[in-house]
Amino acid sequence: MKPKRRAVPGISTKRQPTVRRIKPAIRPVSRAPSIVPAAASRAPAQVEPALDAIGGRPVSMEVDLGGGLVLANPVIVASGPFGYGVDVAGLVDIERLGAIVTRGTSLKPRGGHPAPRMAEVPAGLLLGVGLQNPGLEQVLERYATAWARWPVPVILNLCGESTSELAEGARRLEGVPGIAGVELNLSCPNGPRGNAFGLDPQTAANAVSAVRRACDLPLIAKLTAAAADVRAIARACEEAGADAISAINTLPGLAVAADRRGPALGSGYGGVCGPALRPIALRVVYEVAQAVSVPVIGIGGIATLDDVLDMLAVGAVAVGIGVAALADPMLPVRLADELADACRARGLADVAGLVGTAQPAKPSPSSSRGAEYAR
Amino acid sequence: MRLTGAELIESREILAGTWLQSWHAPAIVSGARAGQYVHIRTTEAGGLPLRRPYPIATADPASGTLTIQVGGGTAAAGAWARSLRPGDRADIAGPLGRPFEVDTRSRHLLLVAEGPAIAALRLLIDEAVRDARSVVLLYGAATASQVYPTSLLPDEVEYVVATADGSLGHRGSIADVVTEYEGWADQSFASGPTRLLGAVARLAAGRRGRLGVATLGRKRGGGRPIAPGSPEARRKSFLQVAVEQTVACAAGTCQACAIMGSSGATQRACREGPVFAANELDWGPE
């Protein structure tokens, strides 16, 4: 006699529908991807015929920015578009990002510039927000607990008007849970002469070393392309103890008001950002990656996968998405996915295989000689 | 807020360089209120790498269509509007921002607009006419050829025009006409360049004094405090303004649309606005 099928409470006797495991395009952070035994790494590939069809092995997307800061993938949201991240956390899968850099934060609160703060320029925009922020204490109080819960590293963009203010800010960040690193904004004005830190190697080195002494967090120096010789600045930052370099910040620009009676922005000058900045950013990253041995994060007008691949090719190990993330907050996550696919399509086991492919065989002359004479 | 792919139904050039676009976007239309805006990803070759904000000019829940007025701004936006054909699709986010609040007791609404900013008041006109309120629309433009066509307005609206060169209606700024109607109006709504809004806001601030309105009643105009930025603060305010401010992120993160508030703190046009009670903003020196 056939055994009677008994209904067990909570367990269906029906056949469970086969659930196809869909692996996220980006692998979760695993500390040692290379020591996974071959059999183990083949096993998931069998579950995913789609990946197998294009010869897909798991791709290591991890990026080591130095100082113990390892990103799950090379796509970072640059300082600005996501603010402090909490407003977009409900909208975007932030855990699939490499990192989030906060908006510029100073030790003391800053009210920012008068309106208007934004103007359209060809292939970009001009921003003169004036680093409006509620001050470091307030920022940490409001957001640090949320950051500590997020799996994505949050890098605080630190700015200040003097070396001592930067150092004091860095000291305040030391040991705060939720802060994965510091990005030092070298475009801030410095002292009585009012020039940005990043225009002069010695001033830049002073700022970086002051912050270095003040905290042990991974330290990224964010360069400005306004400097005459970015290589000298980058080298000075590296020697002063920066774990990584990010390039570039916005470039000073101007737009004219509709009535032509003055500048369009309340602040007069603004920072040019968007695709207009891309060739400049590529040039700076190309130069800086040759000059330093620390990792370089490329930022400037990146909006598509091709832009990301270009930036990696000139020597950036990671990319920062700026203005493009304002128009489309989902873009950084999508670019990370597309980048992983691009690696698979090229049969690369590691995203590092895309980095520096456009670098010259022997060091190129500095662009400070003038573009037409650089060869 | 909803993010949706919308389809262009119709695009009409209502004034030289200004298009009235109808989009089929039922998800956005269903919750839209007067004063709110949509954020559109325009496709411009080498143009703005941002979405563009447009006030919802009209919204028809029955057909799921909304109209926006494009142009009057930059050449890039005009080129995009010119290139669009019915059937084209665009990525639209909305409805965004805080709406106008009309007091249920207000019978007479005074609307003041200049140039393309009339779009921000257009839906309010429809709602007021539907609710049988009297509407006077004061409209300012540079010249007669730029005056918003009467054919696009409901018949119930009293339409007063001023042009800077005197080619149609009053000569000069539309703000000069406001005093003739301030005694009649229960509530007032304005949209336009900051210069106009500032002028209208200063008039509104001195209105009670000019009209000799006494603060009567048990509360003597006091009563419980109203939270700034709340719908009630706008509803109780004689003048509400919709600011024209380029909005970059519309999520409140970038601070690019911030304007100075009367409390000394900045207000984001994208989140706290675009509609404000006039006394919530700092209009600066005259």
Side-chain angles (χ1 to χ4, degrees), chain A residues 77 79-92 102-104 109-134 255 258-259 264-266 270 273-278 301-303 322-331, chain B residues 1-3 39-53 72-80 90-91 93 115 142 193-195 197-198 243-261 263-271 273 281-284:
Chain A
V77 177
S79 179
F82 277 14
Y84 292 105
V86 288
D87 291 322
V88 287
L91 197 66
V92 180
T102 69
R103 52 180 297 120
R110 285 178 63 98
H113 290 317
R117 292 175 165 189
M118 186 171 86
E120 273 186 65
V121 296
L125 55 142
L126 196 66
L127 281 176
V129 172
L131 293 169
Q132 178 179 351
N133 77 89
D259 60 5
L265 297 189
C273 42
L277 216 52
R278 199 185 305 141
I302 297 173
V323 168
L326 285 178
D328 184 357
M330 320 293 181
L331 179 77
Chain B
M1 189 200 87
R2 292 182 188 86
L3 193 67
H39 218 202
I40 302 193
R41 188 82 176 102
T42 60
T43 42
E44 305 161 16
L48 186 74
L50 289 179
R51 290 168 180 271
R52 288 186 186 275
T74 61
W80 168 72
D91 175 3
T194 313
R195 174 184 43 74
L197 297 185
V243 296
E244 272 186 319
Q245 201 60 246
T246 330
V247 167
C249 68
T253 58
C254 76
Q255 303 286 359
C257 61
I259 41 182
M260 192 47 74
S263 62
T266 52
Q267 304 277 323
R268 297 166 298 184
C270 71
R271 293 294 288 270
L281 295 179
D282 178 13
W283 298 104

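All heavy atoms count here, side chains included; hydrogens, waters and symmetry mates do not. In what follows, chains are A, B, ... by sequence order, proteins preceding strands, each numbered from 1.
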Return yes if some donor-acceptor pair links the side-chain N/O of B:H39 with the main-chain N/O of B:V247 below 3.5 Å, else return no.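 Yes, B:H39 side chain to B:V247 backbone: donor-acceptor pair under 3.5 Å.
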
Spell out, as yes or no, whether a donor-acceptor pair under 3.5 Å connects the side chain of B:R41 to the backbone of A:A327.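 Here the side-chain-to-backbone pair does not exist.
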
Quick one: of B:C257, B:C249, B:A258, who has the most non-hydrogen atom pairs under 4.5 Å with chain A?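 Among the listed options, the one with the most contacts to chain A is B:A258.
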
Could you tell me which non-hydrogen atom of B:C270 sits nearest to which non-hydrogen atom of B:G252, and how far apart they are?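 What the structure gives for the nearest pair is SG-N, 3.6 Å.
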
Is the closest side-chain donor-acceptor distance between A:R117 and A:Q132 under 3.5 Å?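 Yes.
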
Tell me, side chain or backbone of A:P116 under 4.5 Å from chain B's heavy atoms, or both, or neither?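 For A:P116, the contact with chain B is made by backbone and side chain together.
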
Part of B:V243 lying under 4.5 Å from any heavy atom of chain A: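 Contact with chain A is absent: no heavy atom of B:V243 under 4.5 Å.
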
